[in-house]
Structure formats: structure tokens, C-alpha cells
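The block underneath contains the structure these notes are about, expressed in C-alpha cells.
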Protein chains: 2
Amino acid sequence: MTTTAIRDGAAGQRIADSLRQSILSGEYRPGTRIRQEDLAERFGASRLPVRDALRILESDGLVTLVANTGAWVSHLSLAECEEFYQIRERIEPLLLRLSLPNLDRVTLERIASLADEMQANRDIDTFLHLDREFHLLTYSGADTSMLGDTVQRLWNSTQHYRRAFSNLIGPHANRAVHYEHQLLVGAMLRGDSEDAERVLSGHIRRTRLELAHHPEIFAE
Amino acid sequence: MTTTAIRDGAAGQRIADSLRQSILSGEYRPGTRIRQEDLAERFGASRLPVRDALRILESDGLVTLVANTGAWVSHLSLAECEEFYQIRERIEPLLLRLSLPNLDRVTLERIASLADEMQANRDIDTFLHLDREFHLLTYSGADTSMLGDTVQRLWNSTQHYRRAFSNLIGPHANRAVHYEHQLLVGAMLRGDSEDAERVLSGHIRRTRLELAHHPEIFAE
DNA sequence: GTGCGGTTAATTGGATCCAAATAGTCGAAT
DNA sequence: ATTCGACTATTTGGATCCAATTAACCGCAC
């Protein structure tokens, strides 16, 4: 999976990167109004690169722009979130299949140890971070131009709701997560990409079904 | 499938829409340099909304921006194009499944007549237009927030190469296309979304394999 | 003749200023 | 008291100007 290409607007890119982290970390919650001038002042720039940054984040799906009205941190309905997980269920197994043959032994062992580390950790922010790193690392062997970016967008857009879900049920209230991770690691170590695809698809599907049992996460 | 949401920048949106059509119609070919001032003059605006338009088209995947250097009409390698078709192969069946139950009789009959019309038509531009309208209409029943837009981006990004391919082999050199379309229409009329998914997946897959037999399309 | 370096021209990026549109508020009339 | 309407204030969108970066071109030395 290639890192995103260099885009224009050095300042705009910097601001976008920083604001993206703020949104993903939960500092800016979905629905929060974003005023251009506030950001401009915060970053010591004019409103122009801020506009660029908002556009970048809009194409990331993290910000929603409305003409002549303003920008808000994007929020998803339960139905939209389920849609995102259905897309993930279909394309992440493909990404994994493209990645697996190119992963070296060192990376595979790091993936396995991340899965173990997750099992031990009780802190939710750490758990979320490890989970993200685990899955994205399994994709790191894929040399893709669009698939990797799309998957990252899907992860970013749903990050807030994953955190809300984890806060609700606790970092390892459900042992099935860790079990599926172990299954996935096993299939990957065997180089069985077909089985890995199947496990991953089921993992994402089960997560979607569990999310659907907690519609209160998406209440306004 | 919802039409894309209203975005900010009335002028920028207008310019983006117009330029998008120019690119899709083949007026601007992949690799063509785009100068901001040229567009500004062409649309009677300043360079600022042009920059917005280029950002919009970049997130569409139709334009590639490089910092402090310029903008070009995006071009794909054969490997990238195959990747795009692999993504389509996985997500368009899902989109079709979400759409099919919501299609009324009138739309289904229009879909069927489009398939027939395609079979009769010999002009390549008309063929491409009908093919696009056919498939997008089969998706028109889906109420999605991201899936429809993603599929449209994939279609747009690969439009130029589909045209090049059609020009190479002719609009109906391969009877398999029309046969698969008929199979798809049949499954849809029966309301058999599982079979429709299977046919569509195979259709996209076969198209990808055929494209791979003509690497000269992607030569610089 | 070829390769390296500097200078110049062209193009993009950013800041400031001004216009347009929206939303919130105050007031008046029913 | 409530609802409709106008006005004002706030915020976004666009135009012009200036700075920074890049690429092309010419000249010089080897």
C-alpha cells in the first residue's frame, strides 16, 4: 500500500494533516462547526490554505462542506456506517490478498505480536491504535494506487464510532475479536490467502452486526 | 444511489463539472497539462475558483496535482486499471443488490430496452454512453452515501481506456458483452439478486481480463 | 561537443481586500 | 402571544496583487 501521493498546497496539506489528527483523536467530534477564521488563526495562516485543507478533508470524508454556509465535522447515521462496513467487507479481503504474498517474515511476526499485545491491553485508546496498526500492517504489502487510500478513508470515517463502541462495551468485552485475530494471523503465517480473506470478511461482517445492536451510538 | 451532495464553491463546482465533461468526452486526454490561467480565462473567472475546481477533480481521480508544479489529466497504468476493475468486481455487485429491490417496473423495462438498444448501435460514442447509462440505471435504486460515488469515480477514471478499448475492437466485436447484459436483465426481471450479483461480477472480471490483453492502450 | 551552473521567465501558492449570501435577531402587526 | 418580515451582523466566496518555487534556456568551461 503506497503512502498517499504528494499533493499541492504545502500549507494546506499541513493544516489538513493536523486537523485530521484532531478529528481522529476525538478532539473535534462529529457535528462540530468548523470556522475558517478560527483555523487560520490557529495555524498562523490566511483563510485561503484553510479552504484548501477543508477541501482535502472533505475528499477524505471527514468534513462536510455546504455552499455559502460552512464546514462541519462529518457524522454518519447507523445506515451509512453499516454501508461503510459492507464496503470494507468486500474490498479489504482483496487488499489483504494483494498484500500477503509481499509480506516478509519480520512484518508477519510484528503483526502476530500486535495481535498478542492487543489481548493484554485494557486502555481503550491504546486498543484502538493497536487494532488500526494491526490491520493496516496486514495491508502494507499491497502496492495499490486507490484501494489502500479507499480503505484508509473508510477507517478514518468510522473511527469515531469505533471509539464510541469500544467505550460502550470495553476493549475486550468480546473475546470473538481476539479469536478472529488469531485465526487471521494463523492463516497469514500459513500463507493461505483464501482462508485469510474468509476470516477477515467474517470479522468485518460480525463487527457490523454488533454495531447495529447499538444504535444509541449514532443518536444526535 | 443519491446524486452527489451540494458542495461549496458555486463557481468552482461549475468549472469542475464542465471540465469533468471535457475530460470524460475525450477532449482532454490523459497526461495533458492543465494551466490554471487558461481555465480561468476560458470560464471568465479568476484563478481561485479554478484551483477549487482542480481540487474537486483531483478527489474525483480525474486530475493529478503536484505541489508548485501543476496539474495534469490523470492517466492509469495497466496495473492500476486492473486494480480499479478488481475493486469494481467486488463492490458493484453489492451496489446492485442494494438497488434491485427498489427498482420499479418502469425502470426495469427501461434497463431492458437500453440493453437492446446497445445491441443495435454501431457508433462507439453512443455505445459507451448507453453502456454507462445501462449500468448506472441498474444502480439507481440504491440509497447510498458513499458506494454510489465510489463506483462513479471508478467509472470516470477508467472512461478513457474503455473508449480506447472500444475503438480498438469495435462496439460489438465481442458478443459476450451483450450476452452477459441479457443474463443480467433476466436475473433482474426475476428479482434474483444473487444471480444478478454473480453475472455482474463475472462481466466485470471478463472485461478486466480482456483489457489486460491490450497493454498497448496504456503505452505512453 | 557535452555537461554543469547561473540567470531569467513562467507558473503556482498565499495574503489582503471586497462582495455576496446566509442566519440570527429585533420589531411590528395580526 | 405568536408569526411574519425586514434589517443587521457574521461568515463564506471571489478578485487582485505579491512572493516563492520551479523549469527552461543560455552561456561557459572542460
Side-chain angles (χ1 to χ4, degrees), chain A residues 3-20 22-23 27-75 220, chain B residues 3-20 22-23 27-75 220:
Chain A
T3 171
T4 58
I6 298 169
R7 299 169 70 167
D8 73 322
Q13 189 66 51
R14 265 182 359 92
I15 296 174
D17 287 342
S18 177
L19 186 54
R20 185 185 296 110
S22 297
I23 294 175
E27 185 185 339
Y28 283 76
R29 300 178 56 138
T32 305
R33 171 84 184 260
I34 302 173
R35 255 171 285 272
Q36 297 183 359
E37 207 149 0
D38 293 354
L39 281 184
E41 190 182 4
R42 174 171 165 182
F43 290 98
S46 88
R47 274 175 40 223
L48 207 144
V50 170
R51 281 163 67 177
D52 289 349
L54 291 177
R55 238 178 234 298
I56 292 172
L57 292 174
E58 189 204 16
S59 79
D60 283 355
L62 289 177
V63 161
T64 303
L65 297 176
V66 180
N68 290 317
T69 303
W72 286 264
V73 178
S74 297
H75 61 96
E220 279 302 292
Chain B
T3 170
T4 58
I6 297 169
R7 299 169 68 167
D8 74 323
Q13 189 65 50
R14 266 183 356 93
I15 296 174
D17 287 342
S18 176
L19 186 55
R20 183 185 297 110
S22 297
I23 294 174
E27 185 185 339
Y28 283 77
R29 301 178 55 142
T32 305
R33 170 85 184 261
I34 303 173
R35 255 171 286 271
Q36 296 183 359
E37 207 148 1
D38 292 354
L39 280 185
E41 190 182 5
R42 173 172 165 182
F43 289 98
S46 88
R47 275 174 39 225
L48 207 144
V50 169
R51 280 163 66 179
D52 289 348
L54 291 177
R55 274 266 162 56
I56 292 173
L57 291 174
E58 190 204 17
S59 78
D60 282 356
L62 289 177
V63 161
T64 303
L65 297 176
V66 180
N68 290 316
T69 303
W72 286 264
V73 179
S74 296
H75 62 95
E220 280 301 294

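Lettering of chains follows the sequences in order, A, B, ..., and the numbering in each one begins at 1.
- When B:E41, B:R51, B:R47 are each tested for a side chain to side chain donor-acceptor pair (under 3.5 Å) with B:Q36, only one passes: B:R47.
- Taking five base pairs at each end of the helix from C:dG1-D:dC30 to C:dT30-D:dA1, the local helix axes there meet at an angle of 10°, rounded to 10°.
- Straight-line distance from the CG atom of B:L65 to the C1' atom of C:dG13: 12 Å, rounded to whole Å.
- For B:D17, the side-chain hydrogen bond (donor to acceptor under 3.5 Å, both in side chains) criterion is met by B:Q13, B:R20, not counting sequence neighbours.
- For the pair B:S18 (side chain) and B:A16 (backbone), a donor-acceptor distance under 3.5 Å is absent.
- Listed here is the closest heavy atom pair of A:V63 and A:A71: CG1-CB, 4.1 Å.
- Close to C:dG13, at under 4.0 Å from its OP1 or OP2, lies a side-chain N or O of B:Q36.
- Atom-to-atom, CG of A:L39 to P of D:dT12 comes out at 10 Å; the value is rounded to the nearest Å.
- Crowding of A:R29 atom CZ: a count of heavy atoms from other residues, nucleotides or ligands under 6.0 Å not exceeding 12.
- Residue contacts shown for B:L54 are absent, as no nucleic acid heavy atom lies under 4.0 Å away.
- Interatomic distance, A:R55 CZ to B:I56 CD1, rounded to the nearest 0.5 Å: 4.5 Å.
- The side chain of A:R35 sits closest to D:dT11 out of D:dT11, D:dT22, C:dT11.
- Taking atom CZ of residue B:R14 and atom C1' of nucleotide D:dG14, one finds them 13 Å apart after rounding to whole Å.
- A:Q13 places its CD atom 16 Å from the C1' atom of C:dT12, with the value rounded to the nearest Å.
- Distance from the side chain of A:R33 is smallest to D:dT12 among D:dT12, D:dT22, C:dT12.
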Between the protein and nucleotides 15-21 of chain C, are there any N/O to N/O pairs under 3.5 Å, and if so, what are the atom names and distances?
residue, atom, partner, partner atom, Å
C:dA15, OP2, A:S46, N, 3.0
C:dA15, OP2, A:S46, OG, 3.0

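- Regarding A:E41, its CD atom lies at a distance of 14 Å from the P atom of D:dT12, rounded to whole Å.
- In this structure, B:L57 CG and B:T64 OG1 are separated by 11.0 Å, a value rounded to the nearest 0.5 Å.
- The interatomic distance linking A:D52 (CG) with C:dG14 (P) rounds to 6 Å, in whole Å.
- Annotation for B:G12 and B:A53: closest pair O-CB, 3.4 Å, computed over non-hydrogen atoms.
- Between B:T69 and the phosphate of D:dA23, there is a side-chain N or O to OP1/OP2 separation shorter than 4.0 Å.
- Proximity of a side-chain donor or acceptor of A:S74 to a complementary backbone N or O of A:G61 within less than 3.5 Å is detected.
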